[in-house]
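Please read the structure below before turning to the comments.
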Amino acid sequence: MTEKIEGDMKTNFIYTMIKDDLKNGLLGNKPVHTRFPPEPNGYLHIGHAKAILLNYNIARDFKGFFNLRFDDTNPIKEEQEFVDSIIEDIRWLGADWGDRQFFTSDYFETKYEFATRLIKAGKAYVCDLSPEEIREYRGTLTEPGQESPYRDRSSEENLDLFERMRRGEFPNGSRVLRAKIDMFSGNLNMRDPVIYRILHADHHRTGDKWCIYPMYDFDHPFSDALEGITHSLCSIEYSDHRPLYDWIVESALELMPEEVKFRSRQTEFARLNMTYTVMSKRKLRRLVEENHVSGWDDPRMPTIAGLRRRGVTPEAIADFQDRVGVSRADSTVDLALFEHCIRQDLETKAPRLMVVLDPLKVVITNWPEGKTEMVEMENMPGDVSAGTRKVPFTGEIFIERDDFMEEAPKKFFRLAPGKEVRLKGAYIICCEKVIKDENGKITELHCNYDPRTKSNQDTSGKKVKGVIHWVAEKHAAFIDVNLYDTLFTVENPEEDNEKDFTGQINPQSLIVCKNVPAEPAVKEALPGNRFQFLRKGYFYYDSVASREGSPVFNRVVALRDSWAKVNN
RNA sequence: UGCGGGAUGGUGUAGCGGUAGCACGGAUGACUCUGGAUCAUCAAGCCUAGGUUCGAUCCCUAGUCCCGCAGCCA
C-alpha cells in the first residue's frame, strides 16, 4: 500500500530528494516546509506559478507547510501595490499559506543582531571602498580578486562603524558591510560579498526606521533558517549562490542557534519558458510601459492577472504545471500544451452558446412569414444534467461568413451554392441564391429549408456532413468579443539578440469584434462566466472591460480546428 | 589554465545496469447534429568517441554543444 502511495507521487528530482531526506531522517521530526519568496516589485507571471505550485504542492503532498514571504530588502523598488496583487494572484491560484504570511522586513532587527555577531566573530567587516573600487577589487571571471584594505579592521572598529551606519551617519554608497570569505574563490559570490548597504530610503513597511538594508544573499538564507524552511527552492541562476547560502546558514547556526529553526538547504530548478511569449519582468514591463498592451492584466500577457482576465482557470494552470514537470535543464514548453490544458478543463465546464463572430445574413425563402420557432439545444453535449435551452429560430438568420464558399473545394462540408448544410439544432438548408453588392461582396444568401429535417425528428433520411451554428436576427443579443492570438509572431521572440523583441509583436494579437449577434441566452450570462461559443472556442465574460448591458467576451482559447489544417 | 549547471522523439518529462515509457504536437482511420469531444492505429528519441560489463540512456575516460555568474538588484 505504501508503495501504491509512493507510486502516485510525482517523479521529479525534487520529490526524489525529499523522499530521500525523509527516509534518511534528515528532517528529524520536522515536517517538510517550503516557501515562495516574491519580491514585491512587479506582477506575477506563469513562470512564478510554476514555483508557487511546486512549493505549495510539495507541502501538500508531504503534509508539510508552505509560507508566503515577501522578499522586501530593497526599499527603492518595492511597493504595496505589488504586495496586494501578489496576494490576490497566489490566492486565486489556490495555493494556501494559512497564517504564514511574512515579510523579510519583519526580521530586520534580528538580522541586524546576526550581522553584529558576524562582526564579533571576525566574519564580517565594514568596507569603505567605493562601489567602483569594490568592483575592481573583485577581479574578473578568470582572475582572482584582491583583498580590501579595510578587511582587517578590529571588530571594535567594525562594530562602531556598523552601528553608525545604522544611525545614518554616512551617505549612500560610502560604506558597506561585507562577509569575510575568500577573495580568491573561483566563485565570484564568495569574494567577500556585500551583505548590508546604506540606503536612505523609505521602506514600504518599515518607513524610515532603517537606512541600512540587508542584501538578498545575506537575508534569504537567514530568513529560511528563521522560518524553519527545510527545502528552499529557487531557479538555476542561484546555483552559484548556494555556497554562500550555506555559509550564511552555517554561520547562523553557529552564532545564533537560539533563533535558527532549521539548517535549510537550497535546491535549484529550471524556470519556465514558453513559446510565443516573453517571461522576464523587464520585458513584460516594457510591453506595459510602451503600451504594446493595455496593462499588466492585458489578456495577452502571461501574467497571472492577464491569464485570469483572459479567462484561464487556476485548474488549467495547475494541470499545466503538473504536465510540464520540473528539472534542471533549460527548456521551452510548447504553448500548445498550455492550450490543451485549458481546453480540456473547459470542455466539461463551459456551457455552449451560439454566437456568430463574422455575420452573413441568410434569408430562408420558404419559411412562414414572421414565424418564430423555439428549438431545443443541449447546454452541454453528453451531459444531460446540464439541461437544455430553447433557442429562437426564424426565417432571417446570421451564419458565419466563412461557413459559406461560393466555389467550395470538395472537402468543404459547409454551405455552398446548391449544397446543403444543417443548422445546428434546427433544419437542413440548401443555398439557392447568392446576393452581392456592387463591389462583388456577398451581402446575403437565399436558402430554402426542408421542414422534414427538424433536429431529433428528422424523417427525411438526409445525411449532411456539415453542421453550422447560427443566430436568429430578430432575437439576437449583441455583444463585443475579443479574439486573441499569440502576442508574438515567432516561437522565440528573444532568440535574436540583435533584434528588439518588440519588433516581433503580432499585429493580429487582438481582433475586436463589435456588436456581434448572439443567441438571447447570452443575456443571462454573468461577469466571470465561461462559455463555449459553438465551433469558435471558449470565451470569458470579462468583468473589467464590460459595462452594464454591454458585455465583452474574451476568447480564452480557440477550439482545435482540423479544417484549418486541411485548408492549407 | 575561472566557477557552476545541462544534453532522452518536434516539444516537455520518466526510466538511474536487464527489451526506452507518458503527455502535447503530427499523421491515418472510426464516430459525431460542434471539421469540437471521444475512440483506434501509426511515425518519431538516449550529443559524440572510447572503455568497464554477459548486458550501458544509466558507471568510467576524453570530447562536443548549450546555459548561468564579474549589482551596494533579487
Side-chain angles (χ1 to χ4, degrees), chain A residues 10-12 16 37-39 41 71-74 76-78 127 129-131 134-136 138-145 172-178 184-191 193-199 212-213 215-217 219-220 234-243 268 270 275 281 322-341 343-344 347-348 352 354 377-378 381-382 411-414 422-426 428 453 455-456 458 464-469 491 532-537 558-567:
Chain A
K10 294 184 189 85
T11 51
N12 61 54
T16 305
E39 183 188 16
N41 74 340
D71 233 330
D72 54 350
T73 57
N74 187 346
I76 294 164
K77 294 164 67 180
E78 294 144 11
C127 182
L129 253 26
S130 70
I134 287 187
R135 196 187 333 116
E136 282 161 25
R138 185 155 36 226
T140 69
L141 290 175
T142 51
E143 294 159 316
N172 289 357
S174 58
R175 286 175 223 265
V176 291
L177 185 69
R178 293 228 249 169
F184 310 111
S185 171
N187 182 341
L188 289 285
N189 296 115
M190 299 300 269
R191 321 241 259 231
V194 173
I195 57 177
Y196 263 93
R197 77 287 217 188
I198 299 170
L199 244 32
I212 55 171
Y213 292 91
M215 298 284 290
Y216 169 87
D217 280 320
D219 185 280
H220 197 86
C234 61
S235 48
I236 290 286
E237 65 264 34
Y238 290 99
S239 300
D240 294 342
H241 297 244
R242 192 180 343 123
E268 311 86 23
T275 54
K281 225 177 241 185
D322 279 347
R323 292 175 192 246
V324 162
V326 45
S327 76
R328 291 185 61 96
D330 289 347
S331 64
T332 303
V333 177
D334 194 339
L335 215 219
L337 177 61
F338 189 37
E339 295 190 334
H340 168 82
C341 295
R343 288 190 195 102
Q344 183 168 280
E347 161 72 16
T348 53
R352 314 289 129 118
M354 291 196 293
M377 293 184 70
E378 298 170 288
K411 288 276 203 178
F412 187 76
F413 303 144
R414 283 111 92 152
R422 170 167 295 280
L423 297 173
K424 173 77 180 170
I428 291 176
T453 58
S455 279
N456 303 317
D458 194 323
V464 290
K465 194 100 169 140
V467 179
I468 65 174
H469 59 102
E491 277 202 14
Q532 185 196 110
F533 291 172
L534 227 60
R535 304 207 302 136
K536 286 286 141 189
L559 257 29
R560 286 185 65 198
D561 187 356
S562 39
W563 162 244
K565 280 181 227 158
V566 172
N567 210 12

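Order of the sequence lines sets the chain letters (A, B, ...), proteins ahead of strands, with each chain counted from 1.
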**Q.** Distance, rounded to the nearest Å, where A:Leu337 contributes CG and B:G25 contributes P
**A.** 8 Å
(Q) Please check: side-chain N/O of A:Asn187 versus main-chain N/O of A:Asp240, any donor-acceptor pairing under 3.5 Å? (A) yes
Q: Return the value, rounded to whole Å, for the distance between atom CZ of A:Arg422 and atom P of B:U34.
A: 10 Å
Q: Please state whether the rings of A:Tyr238 and A:Tyr216 are parallel, tilted or perpendicular, taking 30° and 60° as the class boundaries.
A: tilted
Q | Position toward the 5' end of RNA chain B (nearest nucleotide), A:Ala329 or A:Leu534 | A | A:Ala329
Q: Using the P atoms only, state how far B:C16 lies from B:G50, rounded to an integer number of Å.
A: 26 Å
**Q.** Expected output: side-chain A:Glu143 to main-chain A:Gly139 donor-acceptor under 3.5 Å
**A.** no
Q: Answer yes or no: does a side-chain N or O of A:Lys565 lie under 4.0 Å from OP1 or OP2 of B:A27?
A: yes
Q: Any chance you could list the contact pattern along nucleotides 14-20 of chain B? Use B for base contacts, S for sugar-phosphate-only contacts and - for none, protein heavy atoms under 4.0 Å, 5' to 3'.
A: S------
Q. Are A:Arg191 and B:A70 close enough that a side-chain N or O sits under 4.0 Å from OP1 or OP2?
A. no
Q | Assigned glycosidic conformation for B:G71 [threshold 90° from 0] | A | syn
Q: Considering only atom C1', compute the distance from B:C3 to B:C60 and round it to an integer number of Å.
A: 24 Å
Q. What integer number of Å spans the P atoms of B:G9 and B:A49?
A. 16 Å
Q | Bracket string, RNA chain B, 5' to 3' - pairs by Watson-Crick or G-U geometry under 3.5 Å, | interstrand | A | .((((((..((((....[..)))).(((((.......)))))....(((((..]....))))))))))).....
Q | Separation of the C1' atoms in B:G63 and B:U13, to the nearest angstrom | A | 27 Å
(Q) Between the side chains of A:Glu378 and A:Arg352, is the shortest nitrogen-to-carboxylate-oxygen separation below 4.0 Å, so that they form an ion pair? (A) no
Q: Determine the interatomic distance between C1' on B:C46 and the same-named atom on B:U19; round to the nearest Å.
A: 15 Å
Q) When you compare B:A30 with B:G36, how far apart are their C1' atoms, in angstrom units rounded to a whole number? A) 16 Å
Q. According to a strict under-4.0 Å criterion, is A:Arg135 in side-chain N/O contact with OP1 or OP2 of B:A70?
A. no
(Q) Between A:Ser130 and B:C72, is there a contact of a side-chain N or O with OP1 or OP2 at under 4.0 Å? (A) no
